[in-house]
J.: 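There's a structure below that I have some questions on.
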Amino acid sequence: MNLFNIYLPVAGIEFNVLLLVLIGFCVGVLGGFFGVGGGWMVTPALNIFGFHMAFAIGTPLANIFGQSIGAVRKHHRMGNIDWKLGLISIVTSVIGLEIGSRVILALEKAGDVGTIVRWCYIFLLSALGVYMMYDFYSSRPRQLKSAQEESDKSRAAGLSRGNKFSDRLHSINIPPMISFPASGIEGVSLWIILLVFLITGFLSGFMGVGGGFIIMPVLIYLIGLPTTIAVGTSLVTVLFTAAYGCFTYAMKGRVEIMAAFVMLIGASMGAQIGATAVKFVKGYGIRLLFAIMIIFAGFSVVAEQIYKSTAKPIYQTLAGIILMGTAMSLVVIILVRLVLDSRRERRLRL
Amino acid sequence: MIFLAFCLFFVNASGNTCSANTVKKEHATFTQHIETTHLSGVDLWIAVMYNGNRVLYAVVVTLVMAVLGTTLAFFTDLVLKALGMEVSRLSHRE
């Protein structure tokens, strides 16, 4: 028996402890940094390394719940959470999620729905990723200009936000209007907010994902939140949905407690490090890394779709390599930025 | 380079794990009941709880995740503070 293998009594398999801690650490860093759960990465990783799919879906939810508690606390201390918006998003997203999952169940009765869902997934990830990349590069002149205008009014308020989509949505005047002072939003129609979260919830339910990777860009581009507040507020939604998912999947016997426990050791530390890194990486830097992450996640779904069509295992392995490789590369980039920028800050303080 | 290094690690690790799982294929199937005859200690306690009371199992899983998550986050925070990576309220710049 390998020295680092432990027996997982619920899943009934032996598994490498170091691998579990490593997977947990990666998902923790990405979760704390981007405000996502990371189930999209852990589920295929665990499945490829030998977990039954039933446990590969349920176990990450328990782990994400545990890691999100500390990360939410930290983002709260940094003022990155708009609690009012977060609570509205939770309630409305759950309704949308329920509608989405019922549509899936209805479609499943009609035939194989997996391919439709995967293509929707690919389209959504690619569209979001490409738009965020475009936004990053097209806004560079604006970033440089705004850096020179430190005395500008919006900067004096401590918030820098606004883009084409959110400005248009904010101009729709259908009462009741609601304000979100924590995010610097003075007035937006409540109906718009409800509709946006209903759609994101629907997409989460339809594609069977936690939704952090949809909510984070939606908060930035449709609601108009500054990136760091979008990260923190998205994490609140992730925390509550993962808590519910953890309990309900454990009730169905689909959580491997020992694996979740070991993964959480890495994930909790990772989430704190990821959340701390938000302090040092500028808003647009977070958006660029997020765009890279979801574009590669889209590639991995393409590989998975080819595997489903051709039944060649090499494509499944390729999907796993793309996912975990991207995750690990991003984690290294975030860690390097954290170390370098915190050193620079300390030097400036001295 | 990081990506390539990981690819090598991944192929190696997935190969090892998959071969181990081929031997234990009967264990990798999803069952609602755990065989307890070969278990002892904590593993036995978890298995008995899983088999006997699924609500209790769900409560224990949720509580363990919450307590461990909070505790580890607290200690990691202390280490990060000691390393000079303390956080405070941010000005939300883009």
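Only a predicted model underlies this, so the values are computations on that prediction, with no experimental measurement involved. Protein chains get the first letters and strands the later ones, always in sequence-line order, with residue 1 at the start of each.
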J.: Let's go through B:Asp77 and A:Arg77 carefully: what are the C-alpha distance in whole Å and the side-chain angles of both, what is the deciding distance for side chain to side chain contact (heavy atoms under 4.5 Å, CB included) to 0.1 Å, and is it a yes or a no?
T.: CA-CA 12 Å; B:Asp77 214 17; A:Arg77 268 174 34 209; 2.9 Å; yes
J.: In Å, rounded to the nearest 0.5 Å, how long is the span from CH2 of B:Trp45 to CD1 of A:Ile257?
T.: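 CD1 of A:Ile257 is found 6.5 Å from CH2 of B:Trp45.
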J.: Which atoms of A:Arg73 come close to chain B, meaning under 4.5 Å heavy atom to heavy atom: side chain ones, backbone ones, both, or neither?
T.: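 Looking at A:Arg73, just its side chain touches chain B.
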J.: Nearest 0.5 Å, please: how far is CZ in A:Phe247 from CE in B:Met65?
T.: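 Going from the CE atom of B:Met65 to the CZ atom of A:Phe247 covers 14.0 Å.
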J.: Give me the atom names and distance for the closest heavy-atom approach of B:Ala58 to A:Ala250.
T.: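 Taking every non-hydrogen atom into account, CA-CB, 3.5 Å.
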J.: I'd like to verify something: which residue of B:Val60, B:Val79, B:Leu68, B:Thr70 has the highest number of heavy-atom pairs under 4.5 Å with chain A?
T.: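 Among the listed options, the one with the most contacts to chain A is B:Leu68.
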J.: Flag yes if more than 12 heavy atoms outside A:Ile314 fall under 6.0 Å of its CD1 atom; otherwise flag no.
T.: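 Result for CD1/A:Ile314: open.
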J.: Please report the shortest heavy-atom distance between B:Ala66 and A:Ile69, naming the atom on each side.
T.: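 Residues B:Ala66 and A:Ile69, closest heavy atoms: CA-CD1, 3.5 Å.
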J.: Among B:Val61, B:Leu56, B:Thr71, which has the most heavy-atom pairs under 4.5 Å with chain A?
T.: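 Looking at each option in turn, the highest pair count goes to B:Val61.
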J.: Just to verify, what does A:Phe299 make a ring pair (Phe, Tyr, Trp, His ring centres under 6.0 Å) with, not counting sequence neighbours?
T.: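 With sequence neighbours excluded, A:Phe299 shows a ring pair (Phe, Tyr, Trp, His ring centres under 6.0 Å) to A:Phe296, given in chain and number order.
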J.: Would the distance check show the side chain of B:Tyr57 and the main-chain N or O of A:Met251 forming a donor-acceptor pair, the cut-off being under 3.5 Å?
T.: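 It does not hold such a pair.
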J.: Which donor-acceptor pairs under 3.5 Å do side chains of residues 258-276 of chain A form with protein atoms, sequence neighbours excluded?
T.:
| from | atom 1 | to | atom 2 | distance (Å) |
| --- | --- | --- | --- | --- |
| A:Ser268 | OG | B:Gly69 | O | 3.3 |
| A:Gln272 | NE2 | A:Gly70 | O | 3.0 |
| A:Thr276 | OG1 | A:Lys74 | NZ | 2.8 |
| A:Thr276 | OG1 | A:Gln272 | O | 2.6 |

J.: Shortest non-hydrogen contact from B:Ile34 to A:Pro9?
T.: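 Minimum heavy-atom separation between B:Ile34 and A:Pro9: CG2-O, 3.5 Å.
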J.: Which bit of B:Leu83 is near chain A, if near means a heavy-atom gap under 4.5 Å: side chain, backbone, both or neither?
T.: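 It is the backbone, since no side chain atom gets that close.
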